[in-house]
Amino acid sequence: MGRRGLAAGAGAVSRVRFAPSSNNLIVSSWDSGLRLYDANSSTLRLEANSEAALLDCCFKDEFVAFAGASDGSIIRYDLHSGAQDNVGLHDDLVASTEFSQTTSQLITSSLDKKLFLWDTNTRCVNPNSTLMLDSVVGSLSVCGMYILVTVERDVYWYDMRNLTGPIKAKDSPLKHHIRCLHASEQWKGYAAGSMDGTVALKYFDHEVDNEKGYIFRCHPRSEDGTSSLVPINSIAVHPFKQTFVTGDNEGYAIVWDALSKKKLLEFPSYSGSVVSMAYNHSGQLLAVASNCTHQGADGVMEVEGHQIYIETTRN
């Protein structure tokens, strides 16, 4: 195990993502910048600025990435030249972006309560599929042909081959608002984290879920003998093992064994809240983004900077 700092700067990070087959890492930020790092050498390879804050990002492949912006635009980046163009536009800020390796589609969600699917093999202007929702999507994850979306404390599953409605009635595994969700083809299920520090591990197959699915409170912090419940901001699932990491609002990240339901490791705490985490393609590196905050004169918490770390994990 080992930790090294990759980058630090002003403003808040919104997402970190590793490339599909290399240790290149993209970082989207509220300062309108998309940055590409080589995690092996800890060097910045590319910085591309836009006009609006970037709230999420994802890779298409080793050479192309996408980001969703606060002005509703979806931006495509050429990671070799730094060139960028607009894929399309939502009516409000873009909250989530996911790329499906199965269908070569980009899936985006927005505060406009719409889910768009974009054909990335064409120069998109309009989405090739649109899903109208009743509420704003809180979190989005893609698993094979499935799209999983969270709305408040509910999880809905959609099949990209038929978007007329969810293939499963809403699943409400947690009592409070879901902050993050990560689906896994390895498990054929998902892990979701909520505002109160509770995590649900669920499986797509009903019988398997009845046998192996469970809910636990993973990040309680004791203050003067009283339990303090800390929101889960991010979940990263190992690409091959049945383990996952949860990151919370107080700077703690913990590795869990999904089968034994036991804590495997708690990383030394970070200087700020853990806002995003991602494993690389081999599962040997874990990128962790931590936003540092302070209380302003008006009592509102303000972000004063961020740090990005690379954790080297055991095989």
Side-chain angles (χ1 to χ4, degrees), residues 1-4 16 18 139 141 143 148 150 153 155 171-290 309-315:
M1 303 295 292
R3 171 182 296 180
R4 53 189 166 91
V16 294
F18 269 110
S139 188
S141 188
C143 184
L148 280 74
T150 67
R153 67 185 190 91
V155 180
D171 188 13
S172 305
L174 298 170
K175 293 182 179 179
H176 297 276
H177 184 93
I178 296 174
R179 290 284 296 269
C180 53
L181 175 143
H182 193 140
S184 169
E185 288 194 70
Q186 175 78 9
W187 303 351
K188 297 186 178 359
Y190 69 86
S194 75
M195 288 288 296
D196 71 340
T198 305
V199 168
L201 187 67
K202 303 285 287 180
Y203 295 87
F204 298 147
D205 183 271
H206 181 69
E207 292 185 4
V208 174
D209 189 56
N210 285 339
E211 178 185 352
K212 297 182 179 180
Y214 61 97
I215 297 170
F216 69 105
R217 184 165 289 150
C218 66
H219 288 227
R221 301 290 163 193
S222 179
E223 296 179 0
D224 300 326
T226 303
S227 179
S228 175
L229 305 180
V230 180
I232 305 298
N233 293 330
S234 180
I235 292 177
V237 173
H238 195 282
F240 303 114
K241 300 178 181 178
Q242 289 198 318
T243 61
F244 61 99
V245 188
T246 55
D248 74 12
N249 216 40
E250 290 191 349
Y252 292 91
I254 301 176
V255 183
W256 305 89
D257 188 314
L259 293 178
S260 68
K261 308 178 184 180
K262 293 181 179 180
K263 179 195 293 188
L264 297 178
L265 172 70
E266 181 170 330
F267 291 106
S269 62
Y270 300 93
S271 54
S273 61
V274 175
V275 293
S276 182
M277 301 182 296
Y279 276 109
N280 72 334
H281 62 98
S282 67
Q284 295 177 327
L285 301 180
L286 176 71
V288 179
S290 173
Y309 301 93
I310 301 295
E311 303 279 2
T312 303
T313 63
R314 286 191 294 260
N315 290 331

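FYI, side chains are in, hydrogens and waters are out, and symmetry mates aren't considered; it's all heavy atoms of this structure. All of these numbers come straight from a predicted model, not from anything done at the bench.
Listed by chain and residue number, nothing satisfies the side-chain hydrogen bond (donor to acceptor under 3.5 Å, both in side chains) test with Tyr203 (two or more places apart in sequence, or in another chain). Partners of Asn280 according to the side-chain hydrogen bond (donor to acceptor under 3.5 Å, both in side chains) rule, which considers only residues two or more places apart in sequence or in another chain, are Asn23, Ser282. The ring pair (Phe, Tyr, Trp, His ring centres under 6.0 Å) test applied to Phe18 returns no partner, not counting sequence neighbours. Annotation: side-chain hydrogen bond (donor to acceptor under 3.5 Å, both in side chains) contacts of Lys212 (sequence neighbours excluded): none. For Val288, the side-chain contact (heavy atoms from CB on, under 4.5 Å) test picks out Tyr270, Val274, Met277, Leu286, Glu311, with sequence neighbours left out. Residues satisfying the ring pair (Phe, Tyr, Trp, His ring centres under 6.0 Å) criterion with Tyr190, sequence neighbours excluded, are absent altogether. Remark: Ser172 pairs with Asp154 by the side-chain hydrogen bond (donor to acceptor under 3.5 Å, both in side chains) rule, at least two apart or across chains. When the side-chain contact (heavy atoms from CB on, under 4.5 Å) test is applied to Lys263, the partners found at least two apart in sequence or on another chain are Ile254, Trp256, Glu266. Every residue meeting the side-chain contact (heavy atoms from CB on, under 4.5 Å) condition with Phe240, not counting sequence neighbours, appears here in chain and number order: His238. For Lys261, the salt bridge (charged side-chain N to carboxylate O under 4.0 Å, His left out) test picks out no residue, with sequence neighbours left out. In terms of the side-chain contact (heavy atoms from CB on, under 4.5 Å) criterion, residue partners of Ala200 (sequence neighbours excluded) are, by chain and number, Pro173, Leu174, Lys202, Ile215.
When every heavy atom of Gly197 is checked against every heavy atom of Ile232, the shortest pair comes out as CA-CG1, 3.8 Å. Considering all non-hydrogen atoms of both residues, Cys143 and Ala183 come closest at CB-CB, 3.7 Å. Listed here is the closest heavy atom pair of Ser271 and Tyr309: OG-OH, 3.9 Å. In this structure, Thr313 and Gly283 approach most closely via the heavy-atom pair OG1-O, 2.8 Å.
Between Tyr279 and Gln284, the closest side-chain pair of non-hydrogen atoms is not below 4.5 Å.
The backbone N or O of Leu285 sits nowhere less than 3.5 Å from a side-chain atom of Thr312 that would complete a donor-acceptor pair. Remark: the backbone N or O of Gln186 is paired with a side-chain donor or acceptor of Ser184 at under 3.5 angstrom. Although no hydrogens or angles enter the test, the distance criterion places no donor-acceptor pair under 3.5 Å between the side chain of Ser269 and the main chain of Tyr252. A donor-acceptor pair under 3.5 Å links the side-chain atoms of Thr150 to the main chain of Ser139, judged by distance alone.
Between Phe204 and Trp187, the gap from one ring centroid to the other reaches at least 6.0 Å.
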Stepwise, does the side chain to side chain contact (heavy atoms under 4.5 Å, CB included) test hold for Asp248 with Ser273? CA-CA 6 Å; Asp248 74 12; Ser273 61; over 6 Å; no

Can you list, pair by pair, the side-chain donor-acceptor contacts under 3.5 Å of residues 175-182, counting residues two or more places apart and other chains?
from   : atom 1 : to     : atom 2 : distance (Å)
Arg179 : NH2    : Asn233 : OD1    : 2.7
His182 : ND1    : Ile235 : O      : 3.3

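Separation of atoms CG (Leu264) and NZ (Lys241) is listed at 9.0 Å; rounding is to 0.5 Å. If you take CZ on Arg217 and OG1 on Thr198, they are separated by 4.5 Å, rounding to the nearest 0.5 Å. Asp196 contributes atom CG, which lies 11.5 Å from atom CZ of Arg153 (distance to the nearest 0.5 angstrom).
For the pair Asp205 and Lys188, the salt-bridge criterion is not met [side-chain N within less than 4.0 Å of a carboxylate O].
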